Amino acid sequence: MSKILLIFKNSILRNKLTLFLSIGTAVLMGLIFYGKINADGTVYASGTISVGVVDDDNSTLSEDLCKYLESSLGMEIISDDYDSLSALLIDRRLSAIIEVPAGFEGSAISGRPEKISITTLDDYENSAFIEAYLNSYIRGVSVIAQAADGSAQMFSEMLSSQSSPNTITLAETNSQVDQRVKTADAYILSVGFMLMMISGITVFISNQILVDRQLGTFSRMKCSSLRSSEYVIGISLFGVICCTLTNLIFNVFVYSVSGEMPVPFGVAFWVGELFMVFSVGLAMLFAMLVSDQRSLMTVGVGYAVIGSMLGGAWFPIDFGTGFVGNVAKIFPQYWLMDLLRKYTAEFNVLTNVCVLALWAVLVYLVSAVLFTRKNA
């Protein structure tokens with residue numbers, strides 16, 4: 001244990017810059033998050049959003065929904081059949097097509113509103129904006145339906161008198177939902193860039209191992225009482241602690257500033273830790289495979305950028321079974337960002353957590369084999 005601590009202290013002395021970069025990354029990501037959630041106006045809508053509405057219900061509720069989209073959110077509503085609207089969507093003259101199913105009002109009054117279908121192309125920002133506010137509208141309708149207790153007449157009266165101080169109106173939820181959406185978007189954006197920065201920071205850990213190889217430290221270990229496992233654990237401990245500082249400081253800052261997170265604090269922190277452990281293991285693997293510092297920088301920085309991009313750190317990767325979608329699933333960044341974007345109370349995090357854990361175990365096993373062979 002004393003030798004592990006010796007390697008750990010030696011790593012701190014040799015990599016003070018890495019320690020400062022870890023703390024600096026947390027501060028930088030915190031500033032990005034803070035600036036994003038405090039930006040003026042909505043973070044999604046730029047200009048007027050045009051949406052097509054296919055109203056198969058033709059009810060008071062569906063009419064109120066259109067008024068909500070037009071008056072409260074400032075959208076341009078185009079009502080027509082699906083074929084005509086789909087042509088406009090393909091021509092990029094619409095951001096989305098919203099389909100109101102038949103029996104929508106009746107199902108809402110019964111307390112089980114039918115799902116409103118949204119069709120978009122690749123306009124991720126406006127799609128998220130529209131979906132968030134439709135979910136807000138449905139939640140408001142559910143509250144009114146519960147208060148009406150199944151009475152269609154009372155439901156209609158409450159719907160038409162939303163400004164009543166005793167009624168929870170749909171418009172009242174707008175600012176709250178917008179803030180939650182902005183917080184989630186800011187958090188995901190900040191985490192995405194943090195993953196890229198962490199992948200870059202671990203290059204310095206790779207460089208320490210590479211320098212030890214070049215200076216013959218590995219060879220001298222054979223003649224000393226220091227075992228290979230103690231050397232590996234000491235350096236890994238330093239790397240994990242540096243990355244943990246970034247992860248912990250950033251998540252604590254987000255929680256203290258926003259009061260709530262799109263993902264529970266514990267889930268966000270420990271899933272991030274799995275990625276941090278993987279990154280340190282990958283840094284050791286790179287140090288075993290690369291023979292000079294220039295190549296190490298090229299490989300390390302290249303992975304940080306390409307891995308973050310294809311892993312969905314900056315924008316969602318959702319191409320079904322396409323080639324890019326399949327390639328994206330190779331990167332651990334994909335599974336972490338997929339969890340953050342899709343997390344709900346019902347979301348099963350086990351698959352994403354298991355994949356991240358398996359990647360971490362795999363990269364350490366491969367690194368251990370290579371290290372043992374080179375030190376034999």
Side-chain angles (χ1 to χ4, degrees), residues 1 4-5 7-9 11-12 15 18-19 21-23 25-26 29 190-210 228-252 263-289 296 299-301 303-304 306-308 310-313 329-340 343 349-372:
M1 185 65 183
I4 293 176
L5 292 177
I7 296 295
F8 174 73
K9 292 177 182 178
S11 298
I12 295 177
N15 292 281
T18 305
L19 195 59
L21 283 176
S22 301
I23 298 173
T25 296
M29 296 305 103
S190 302
V191 170
F193 277 96
M194 184 174 70
L195 298 186
M196 183 186 72
M197 294 295 293
I198 288 296
S199 298
I201 288 173
T202 53
V203 172
F204 291 92
I205 300 170
S206 300
N207 185 66
Q208 178 182 342
I209 301 173
L210 180 61
S228 300
S229 59
E230 293 172 330
Y231 174 84
V232 171
I233 293 172
I235 293 182
S236 299
L237 182 62
F238 169 74
V240 170
I241 287 178
C242 284
C243 296
T244 298
L245 281 174
T246 304
N247 189 28
L248 181 61
I249 294 172
F250 171 69
N251 280 289
V252 168
V263 178
F265 181 88
V267 174
F269 175 76
W270 287 111
V271 170
E273 279 302 287
L274 284 175
F275 179 80
M276 304 305 174
V277 172
F278 163 81
S279 297
V280 174
L282 188 66
M284 300 183 69
L285 180 60
F286 284 162
M288 294 296 105
L289 295 175
L296 178 64
V299 172
V301 175
Y303 170 78
I306 296 175
S308 298
L310 291 181
K329 294 177 182 178
I330 297 175
F331 296 91
Q333 289 95 325
Y334 170 86
W335 297 97
L336 192 151
M337 299 305 297
D338 180 71
L339 186 152
L340 296 181
Y343 183 86
V349 302
L350 187 60
T351 300
N352 300 65
V353 169
C354 286
V355 172
L356 287 169
L358 288 173
W359 265 116
V361 171
L362 177 62
V363 76
Y364 275 99
L365 288 175
V366 175
S367 298
V369 171
L370 290 176
F371 185 87
T372 303

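Just so we're clear, the structure is a prediction, and the values are computed from it rather than from any experiment. This chain uses plain numbering: 1 for the first residue, then up along the sequence.
With a 4.5 Å cut-off on side-chain heavy atoms, Pro264 and Tyr343 count as touching. Put simply, the side chain of Gln208 does not reach to within 4.5 Å of the side chain of Thr18, judged on heavy atoms. Between Lys9 and Phe238 there is no side-chain heavy-atom pair separated by less than 4.5 Å. Phe286 has its side chain out of reach of Thr202: every pair of non-hydrogen atoms, C-beta onward, lies at least 4.5 Å apart. Proximity of Val191 to Leu336: side-chain heavy atoms (C-beta onward) are separated by under 4.5 Å at one or more points. At a threshold of 4.5 Å between non-hydrogen side-chain atoms, the residues Asp338 and Asn352 count as touching. You'll find the side chain of Leu356 stays beyond 4.5 Å of the side chain of Leu339, heavy atoms only.
Rounding to the nearest 0.5 angstrom, the gap separating the CG atom in Leu5 from the OG atom in Ser11 is 11.0 Å. Taking CD1 of Ile198 as the start and CG of Asn247 as the end, the distance is 7.5 Å to the nearest 0.5 Å. Of the inter-residue distances, the one linking Ile201 atom CD1 with Ser206 atom OG reads 12.5 Å to the nearest 0.5 angstrom. One finds the CG atom of Leu289 at 10.5 Å from the CG atom of Leu296 (value rounded to the nearest 0.5 Å). Note that the CE atom of Met196 and the OG1 atom of Thr25 stand 9.5 Å from one another [nearest 0.5 Å]. With rounding to the nearest 0.5 Å, the separation of OH in Tyr364 from CH2 in Trp359 is 14.5 Å.
Take Phe193 and apply the ring-ring contact (aromatic ring centres under 6.0 Å, His included) test, not counting sequence neighbours, and it matches Trp314.
Remark: the backbone N or O of Ser22 is paired with a side-chain donor or acceptor of Thr246 at under 3.5 angstrom. Formation of a donor-acceptor pair under 3.5 Å by the Trp335 side chain with backbone atoms of Val353 is not found in this model.
Across every non-hydrogen atom of Ala283 and Ile205, the tightest pair is CB-CB, 4.5 Å. Closest approach of Val280 and Gly239 over heavy atoms only: CG2-C, 3.5 Å. Residues Met29 and Ser190 come closest through the heavy atom pair SD-O, 3.3 Å. Nearest approach of Ser236 to Met284, heavy atoms of both residues: OG-SD, 3.1 Å.
Other residues, nucleotides and ligands contribute at most 12 non-hydrogen atoms within 6.0 Å of the CD1 atom of Ile306.
In this structure, Phe275 and Phe278 have tilted ring planes: the angle between them lies in the 30° to 60° band.
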